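First listed ligand is number 1; within each ligand, the first listed atom is number 1. Positions are given from 1, in the same order as the sequence printed here. The structure presented is a predicted model; accordingly, all values stated were derived computationally and were not measured.
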Amino acid sequence: MQRENFGSRFGAIMAMAGSAIGLGNMWRFPYLVGEYGGAAFIFIYILFSFLLSLPILYCEFIIGRRSQKNAFGAFKELAPGTKWKWVGALSVIAPVIITSYYCVIGGWSVEYFFRSCTFSFTSNSDGMDLTNMFGSFISSTWAPLFGHTLFLLLTAVVVGKGIKGGIEKFGKVMMPVLFIVVILIAVRSMTLSGASEGISYLFKPDFSKIDGKVCAAALGQSFFSLSLGCGTMLTYASYVSRKENIASSGASTAVADLCFAMIAGCAIMPAVFAFGLSPQSGPGLVFETLPLIFSQMPAGGIVAILFFLALLIAAVTSSISMFEVGVAYCVEERGMSRKWACVTIFMITWVLGILCSLSFGPLSDVKLFGNTIFNFFDKLSANYLMTIGSLLVVLFVGWKMKKADVEDEFTNGGTFPANRRLFKVLWLIIRWIAPLAILVIFLSNLIGL
Ligand code: PFF
C-alpha cells in the first residue's frame with residue numbers, strides 16, 4: 001500500500017510547528033522563565049535551541065525522511081540487524097509515556113476553557129477562591145478525568161483521519177488561529193499599565209544568574225519544546241516529500257516555536273507584573289495566577305476564553321504528533337488498520353493518564369522513586385527519555401550512518417548548494433559538539449553541579 005505523505009509544504013510545516021508549539025510554550029516555558037530568573041534563562045534557551053536542538057531536529061528529519069518509516073522501523077531500515085532497533089523502541093515508548101501525562105494537562109485546559117466560557121473567572125470571584133479552585137479541581141476524581149478523556153478522544157479522532165485529511169488539515173487551520181489569538185492576548189497584556197516591568201523581566205538578562213541548573217533546565221526545555229528525542233519529528237519527517245528542503249523546514253519549525261514561546265511570554269509576564277503577582281509560582285502559573293489576573297483585568301472574561309482556547313489548540317496539535325508515533329508503529333510494524341491502531345494507543349494512554357490524573361488526589365500516596373505518578377512521568381520524560389533519546393539520535397546520524405548518505409539526504413542529492421555549505425558546520429555539531437554538550441549537561445545535572 002502507498003504510504004501517505006503531507007500534501008503541501010505549508011501543511012507539513014504547520015503540522016511540525018503544531019507538534020513543537022504546545023503546553024511547553026504556553027505552560028512550561030513561562031513558569032521556567034519565572035523560576036530560573038527571566039531573560040538570562042531565555043538567552044541560554046535561545047542559544048541551545050539553535051546550536052544543539054536544531055541540529056538534532058535535522059538528525060530526526062534525516063532519519064525519518066531517508067527511511068520513510070515509523071520510528072521503530074526507521075532504525076531497523078537504516079541499520080538492519082543491529083541493536084539500534086532498541087533506540088527505535090525507545091522512540092515509540094517515550095511518546096506514549098509523555099502523552100499519558102500531557103493529556104492530563106490537556107484535560108485541565110478543556111475544563112478551564114469550559115469554565116472561561118461560563119465566565120467563572122470574573123471580578124466577583126475573590127482571589128482566594130480562584131487559587132483554591134485549581135487545587136480542589138485537580139485533586140478531585142471525576143472532573144479531571146472527564147477533561148482528560150475528551151482531550152484524548154479529540155486527539156485520537158484527528159489522528160484517525162490520517163496524515164493529509166486529519167493531522168495536516170487540523171494544523172493548517174488551527175495553527176494560524178493559535179498565533180492570532182496569542183498575539184491578541186500579548187497586545188492586551190503589554191498595554192496594561194505597569195506592564196513594562198514584565199517586559200524587562202523577559203528581555204533584560206542578568207548573566208550572573210546563569211549556572212549549571214539554568215543550563216540543564218534550558219536544554220531540557222529546548223528539547224521538550226522542539227519535541228526531540230522521542231520519535232515525533234522523525235515520524236512526521238517520514239511523511240515529508242523527497243523534494244522538500246529539510247534545512248528550511250527545520251529552521252521554520254524552530255523559528256516558529258521560538259517566536260511563539262516569546263509571544264506567550266509577552267502574553268503572560270507583563271500581566272503578572274502589572275497585577276503585582278509573582279512570576280515564580282511554578283506549574284500553577286497558568287492555572288492559578290492567570291485566572292486571578294483575568295478576574296481583575298478589563299475585558300478579562302474574553303481574554304480568558306481566548307487564552308484557554310489557545311492553550312487547548314496548542315496542546316492538541318502536540319498530543320496528535322505524539323499519538324501518531326504509536327499509531328504509525330502499530331500500522332506498519334503490527335499490521336493493524338489505522339482505526340484499530342488509534343483505539344489501541346487510546347486505550348494505553350487513557351489508562352496511564354487516569355493513573356497520572358488520580359495521582360493528584362486519591363493516588364497521591366503512591367510514590368515511584370519518591371515522586372507521584374504524574375511527577376515521575378514528567379521527570380522521566382523531560383529529564384531522561386528526551387535527553388537520552390536525543391543523544392542516541394545524534395550518535396546514530398553522526399557515527400552510524402555514512403557521512404555521504406547524511407549529506408545526500410540533507411542536500412537532496414546535492415541540489416541545494418546552501419545546504420552543502422551548512423552541512424560542513426552541521427556535521428561538526430552532530431559528530432562532536434552536540435553529543436559532548438548533551439553528555440556534560442546531563443551528567444552535571446545528574447550529580448547536582
Ligand atoms: N513540544 C511540545 C510542547 O512544547 O508542548 C511537547 C512535546 C510534543 C513533547 C511532542 C514531545 C513530543 F514528542
* Would you tell me which option among A17, S227, A20 has the nearest heavy-atom contact to atom 3 (C) of ligand 1? => A20

* Under a 4.5 Å cut-off applied to non-hydrogen side-chain atoms, are M322 and C230 in contact? -> no

* Could you check if a side-chain atom of V393 sits within less than 4.5 angstrom of a side-chain atom of L228, using non-hydrogen atoms only? => no

* **Sub-6.0 Å ring centroid separation between F121 and Y112** => yes

* Are the ring centres of F223 and F48 closer than 6.0 Å? -> no

Can you pull out the closest protein heavy atom to [atom]? Residue, atom name and distance to 0.1 Å, please.
atom: atom 9 (C) of ligand 1; value: F224 O, 3.6 Å
atom: atom 2 (C) of ligand 1; value: S19 O, 3.3 Å
atom: atom 13 (F) of ligand 1; value: T232 OG1, 2.4 Å

* N245 and N412 side chains, donor-acceptor separation under 3.5 Å -> no

* Donor-acceptor pair between E168 and S8 side chains, under 3.5 angstrom -> yes

* Asked: Between S225 and ligand 1, is there a nitrogen or oxygen pair with a distance under 3.5 Å?
  -> yes

Atom indices of ligand 1, in the order listed, that fall short of 4.0 Å to a heavy atom of [X]:
X: C230; result: 11 (C), 12 (C), 13 (F)
X: M386; result: 9 (C), 11 (C)
X: S321; result: 10 (C)

* Decide whether the shortest distance between a heavy atom of P95 and an atom of ligand 1 is less than 4.0 Å. => no

* Asked: Is R115 close enough and on-axis enough to F137, meaning under 6.0 Å and within 45°, for cation-pi?
  -> yes

* Asked: Has the side chain of S19 got a donor or acceptor atom that lies under 3.5 Å from a matching backbone atom of A15?
  -> no

* Structure fact -> Honestly, for S319 the part within reach of ligand 1 (heavy atoms, under 4.0 Å) is neither

* Structure fact -> Logged contact type for Y102 with ligand 1, heavy-atom cut-off 4.0 Å, is side chain

